[in-house]
Amino acid sequence: MGKSRYKLNEIYEKLLDAYSYQGWWPIINYKGEIPNKKGSIKGYHPNDYDFPRDNNEQFEIIIGTILTQNTSWLSVEKSLNNLNKIIDFTEGNLSLKFKELLETEEDLVKNAIKPAGYYNQKFVYLKNITDFYISLDGRKPGRSEVLSVKGVGNETADSILLYAYGMHEFVVDTYTRRIFVNLNYIDKKDSYIKIKKFFQHNFNGGVNEYQEFHGLIVEHAKHYYSKKPYGVDDKLLEEYKLN
DNA sequence: AACCAGGACGTGA
DNA sequence: TCACGTCATGGT
């Protein structure tokens, strides 16, 4: 494990030194703040992995995973705050209240989530995942089970499992691909599952480290992998680049 | 004014 | 399987 030529744990430590704890997944009613964090100014809980603290926070994370598909977190935060004005996220059973709202106030919900984009699609996806969540009745879902929900693909599934359920599933996103393609650790044509397994086999860490690593990868990528050509100015991880 | 943002799905080869 | 078009608002 330590003799792998892929030094993922060293990279993890390097990113942690550079950016410190990211406090993913953000909770909109949490009062913690990280100054100068792009995409949001609050909701993160750095170096505190005891989340979600209740079922409503768990469901809020799940809503967020749908809304953030191909969209910036700032837009999602606006949508979540809009929804929070319609339904109190902190009282009662959020999933049941949300289901009721989805069924009776379609236009109201669509308008609320508009900032996150794709609001017609995401409205349907939210209905699907809400019904699924309620059907679980508190039970932890399996990966294939979550994947079967229309609107939940590989990344969203792993985000739900890792951040909402605290399960040991590595999340791969476009930023992960860009960084580690640039380091020649993976090929840009590799499938999601292949990359996920690559990280799970070569990165030694538990649930907390999986959560943190993904947040760090996103943070680092926002600095050096948002505009083409990706990563040419990435001095921080330069020493880990292969051939 | 293009381009991108914490993707997923349907379609046709 | 896989490449491609579609979904859509908002920031840079």
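For the numbers below, each heavy atom of this structure counts, side chains included, while hydrogens, waters and symmetry mates do not. Given the structure is predicted, the values throughout are model-derived calculations rather than measurements.
Following rounding to the nearest Å, A:Tyr192 (OH) and B:dA8 (P) show an atom-to-atom distance of 8 Å. Distance A:Ile193 CD1 to C:dC2 P: 13 Å, rounded to the nearest Å. Rounded to whole Å, atom P of B:dG6 lies 12 Å from atom CD of A:Glu77. In this structure, the CD1 atom of A:Ile66 is 9 Å from the C1' atom of B:dA8, given to the nearest Å. For A:Trp73 and B:dG7, the CH2 to P distance is 12 Å, given to the nearest whole Å. The nearest whole Å value for the distance from the CD atom in A:Glu169 to the P atom in B:dG6 is 23 Å. Note: CD1 (A:Ile63) to C1' (B:dG6) measures 17 Å, nearest angstrom. Atom CG of A:Leu126 is separated from atom P of B:dC9 by 13 Å (rounded to the nearest Å).
For A:Lys110, the salt bridge (charged side-chain N to carboxylate O under 4.0 Å, His left out) partners are A:Glu106, not counting sequence neighbours. When the ring-ring contact (aromatic ring centres under 6.0 Å, His included) test is applied to A:Tyr240, no partner is found at least two apart in sequence or on another chain. Listed by chain and number, the residues in a ring-ring contact (aromatic ring centres under 6.0 Å, His included) with A:Tyr133 are A:Phe59 (sequence neighbours excluded). Checked against side chain to side chain contact (heavy atoms under 4.5 Å, CB included), A:Val207 has the following partners two or more places apart in sequence or in another chain: A:Leu162, A:His168, A:Gln211. With sequence neighbours left out, the side chain to side chain contact (heavy atoms under 4.5 Å, CB included) criterion links A:Thr90 to A:Asn29, A:Asp88. Under the side chain to side chain contact (heavy atoms under 4.5 Å, CB included) criterion, A:Asp234 pairs with A:His220, A:Tyr224, A:Tyr225, A:Leu236, A:Leu237, not counting sequence neighbours.
By the criterion of a centre-to-centre distance under 5.5 Å and near-parallel planes under 30°, the ring of A:Tyr175 forms no stack with the base of B:dG6.
Comparing the P positions of B:dG6 and C:dA3 gives a spacing of 24 Å, expressed to the nearest Å. On the P atoms, B:dA1 is 23 Å away from C:dC7, given to the nearest whole Å. Only the P atoms considered, B:dA2 is 22 Å distant from C:dA8, to the nearest whole Å.
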Dump every N/O contact between nucleotides 11-13 of chain B and the protein below 3.5 Å, one line per pair.
none

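Contacts classified as ring pair (Phe, Tyr, Trp, His ring centres under 6.0 Å) and involving residues 136-161 of chain A (residues at least two apart or in different chains) are not found.
Annotation for A:Ile134: hydrophobic cluster partners, listed by chain and number, are A:Leu96 (ILVMFWY side-chain heavy atoms under 4.5 Å, direct or chained). Grouped with A:Leu147 in a hydrophobic cluster is no other residue, since no side-chain heavy-atom contact under 4.5 Å to another Ile, Leu, Val, Met, Phe, Trp or Tyr is found.
Looking at heavy-atom distances under 4.0 Å, A:Thr174 makes contact with sugar-phosphate atoms alone, never a base. The residue A:Arg178 sits close only to the backbone: its heavy atoms come under 4.0 Å of sugar-phosphate atoms, none of a base.
A donor-acceptor contact under 3.5 angstrom links the side chains of A:Asn154 and A:Arg143, judged on distance only. For the residue pair A:Asn93 and A:Ser95, a side-chain donor N or O sits within less than 3.5 Å of a side-chain acceptor on the partner.
The cationic group of A:Lys196 does not satisfy the cation-pi geometry with A:Phe170, failing either the under 6.0 Å distance to the six-membered ring centre or the 45° limit from the ring axis.
Residues of residues 148-158 of chain A having a heavy atom closer than 4.0 Å to DNA chain B, listed by number: A:Val149, A:Lys150, A:Gly151, A:Val152, A:Gly153, A:Asn154, A:Glu155, A:Thr156.
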Sequence-aligned protein contact record of nucleotides 3-12 of chain C, with B where the base is within under 4.0 Å of a protein heavy atom and S where only the sugar-phosphate is: S---BBSSS-

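For A:Leu147 and A:Tyr163, each mapped to the nucleotide of DNA chain B holding its nearest heavy atom, the one lying further toward the 5' end belongs to A:Tyr163.
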